[in-house]
Amino acid sequence: MNLKRLNMFSMENKLVGWLRHVLTGVSVLLFIVGCCVLGYMGWVLATSITVSRFLSGTLIFTYSVLGVGFLFFLAGLVGWMAGATEVLCILRLYLTLLILAVSAEIGGLLALNILQTRIDDVLINGWAEVNQGTRNIVQNSFNCCGFYGPKEFAYTNYPISNSCYDTIQEVNSENFNSAQQLKQSGCGAPLKFWLNDNKAIWCSILAAIGGLQLMCIILCIHIIHKLKDKAGYKRTSEKKRPNDEKGAYSL
């Protein structure tokens, strides 16, 4: 009977060891995603947004993306430590962070539905809060200028970026002349069309990230229960050992 129990205990140890590596790998992936999000937002904040504007409380898009990135970063880091050390308190902390992250994501989706926020509103707020470097990438990719077009620069003091111009080569009999032509279309409509055309891709990516979080929650609960059983088995063995030694001595 003791041999059978010992074999079951060793099999559970091997199972926990395998699940620990899976949990560590997924946590490292979440940690990398959080680092990428925080790195991009750090670049945006360093090149476009002043401290006073950041503290004004009006940058909803920036705060939301920073919050999501920080949750991924912190949860991935704690999960990395939990999978590497198998410490119960760190595993419980990781489980709490995962539940908070999933709850915040579900709450954000419900809030967007309740407020009837459209994708146009998200794009407008995002365009207003990102830096010029991001706008230049979009304007070069979609061959556009501004969110609504170059007319939006007529009522502001913002300079028109070079990415709003197309360079046209004019060939004469003697030399080459280059002229710049201002792009007339805005980037709002192409961005919306791109998101709608690639909805299956980015929805699948978001669903995969959510699935990884749910998998980490299940793995974390399973490992916590296995470690509790392991600790209970060790305590039972330690209690039985003095009695066995006492019986052997009496014989």
Side-chain angles (χ1 to χ4, degrees), residues 29-30 32-50 53-54 56-73 75-76 98 100-156 158 160-161 163-164 166 182-214:
L29 181 60
L30 294 177
I32 293 173
V33 172
C35 288
C36 293
V37 174
L38 290 179
Y40 169 72
M41 291 307 300
W43 174 55
V44 170
L45 293 174
T47 55
S48 64
I49 299 175
T50 59
R53 188 185 174 195
F54 180 76
S56 63
T58 58
L59 305 176
I60 306 300
F61 177 82
T62 302
Y63 302 147
S64 301
V65 177
L66 279 175
V68 171
F70 182 73
L71 277 177
F72 278 117
F73 172 81
L98 287 173
L100 288 176
V102 174
S103 301
E105 292 164 8
I106 295 175
L109 293 176
L110 292 176
L112 290 177
N113 290 328
I114 292 173
L115 296 175
Q116 296 181 351
T117 304
R118 301 176 302 171
I119 192 171
D120 296 340
D121 301 326
V122 177
L123 290 176
I124 291 172
N125 291 328
W127 185 268
E129 296 179 20
V130 297
N131 57 355
Q132 188 60 44
T134 304
R135 298 192 192 104
N136 290 337
I137 294 173
V138 175
Q139 289 171 166
N140 288 325
S141 300
F142 293 102
N143 197 25
C144 54
C145 179
F147 192 81
Y148 297 105
K151 60 182 180 181
E152 68 184 51
F153 294 97
Y155 307 101
T156 62
Y158 296 111
I160 301 178
S161 176
S163 59
C164 281
D166 279 327
L182 186 63
K183 302 173 184 177
Q184 298 300 318
S185 60
C187 298
L191 276 174
K192 184 179 178 181
F193 291 150
W194 183 85
L195 288 175
N196 289 330
D197 292 339
N198 297 277
K199 184 181 294 184
I201 296 176
W202 60 266
C203 285
S204 299
I205 294 174
L206 294 178
I209 294 175
L212 287 176
Q213 289 177 314
L214 291 177

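Values below: every heavy atom of this structure, side chains too, minus hydrogens, waters and symmetry copies. From a predicted model like this one, the values you see are computed outputs, not experimental measurements.
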Keeping the roles fixed (side chain from K183, backbone from S163), state whether a donor-acceptor pair exists under 3.5 Å. yes
List the steps, then state whether side chain to side chain contact (heavy atoms under 4.5 Å, CB included) holds for W43 with T47. CA-CA 6 Å; W43 174 55; T47 55; 3.9 Å; yes
Where do P190 and G186 come nearest, in terms of heavy atoms and distance? CD-O, 3.2 Å
For the residue pair V44 and V65, establish whether any side-chain heavy-atom pair is separated by less than 4.5 Å. no
Euclidean distance, L123 CG relative to K192 NZ, rounded to 0.5 Å: 8.5 Å
Show the nearest heavy-atom pair for residues P150 and L182, with the distance to one decimal. CB-CD2, 3.6 Å
Crowding at CZ, F153 (>12 non-hydrogen neighbours, <6.0 Å): yes
Under 3.5 Å, side chain of Q139 to main-chain N/O of G146, donor-acceptor pair present? yes
Verdict with supporting geometry, F61 and I124, side chain to side chain contact (heavy atoms under 4.5 Å, CB included): CA-CA 10 Å; F61 177 82; I124 291 172; over 6 Å; no
Between CD of E129 and OG of S64, what distance do you get to the nearest 0.5 Å? 8.5 Å
Heavy atoms of G34 and F72 approach each other most closely as CA-CB, 3.7 Å
Measure the spacing between CG of L109 and CD1 of I114 and express it to the nearest 0.5 Å. 11.0 Å
Does the plane of the ring in Y63 sit parallel, tilted or perpendicular to the ring in F54? Use 30° and 60° as the thresholds. perpendicular
Any sub-3.5 Å donor-acceptor pair from W202's side-chain atoms to L195's backbone N or O? yes
Rounded to the nearest 0.5 Å, how far apart are CG of L214 and CD1 of I209? 12.5 Å
In this structure, CG of N131 is separated from CD1 of I137 (nearest 0.5 Å) by 8.0 Å
Shorter than 2.5 angstrom, is that how the SG atoms of C187 and C145 come out? no
Do the non-hydrogen side-chain atoms of S161 and Q132 ever get within less than 4.5 Å of each other? yes
Going from CG on L191 to CZ on F147, what distance comes out if it is rounded to the nearest 0.5 angstrom? 7.0 Å
Run V130 and V138 through side chain to side chain contact (heavy atoms under 4.5 Å, CB included) and show every step you take. CA-CA 11 Å; V130 297; V138 175; over 6 Å; no
As a quick check of understanding, evaluate side chain to side chain contact (heavy atoms under 4.5 Å, CB included) for V68 and V37, giving each step before the final call. CA-CA 8 Å; V68 171; V37 174; 5.7 Å; no
Measure the shortest side-chain to side-chain distance between N125 and I60 over non-hydrogen atoms and say whether it is less than 4.5 angstrom. no
Looking at R118, is its backbone amide N or carbonyl O close enough to the side chain of D121 to form a donor-acceptor pair, meaning the two atoms are under 3.5 Å apart? yes
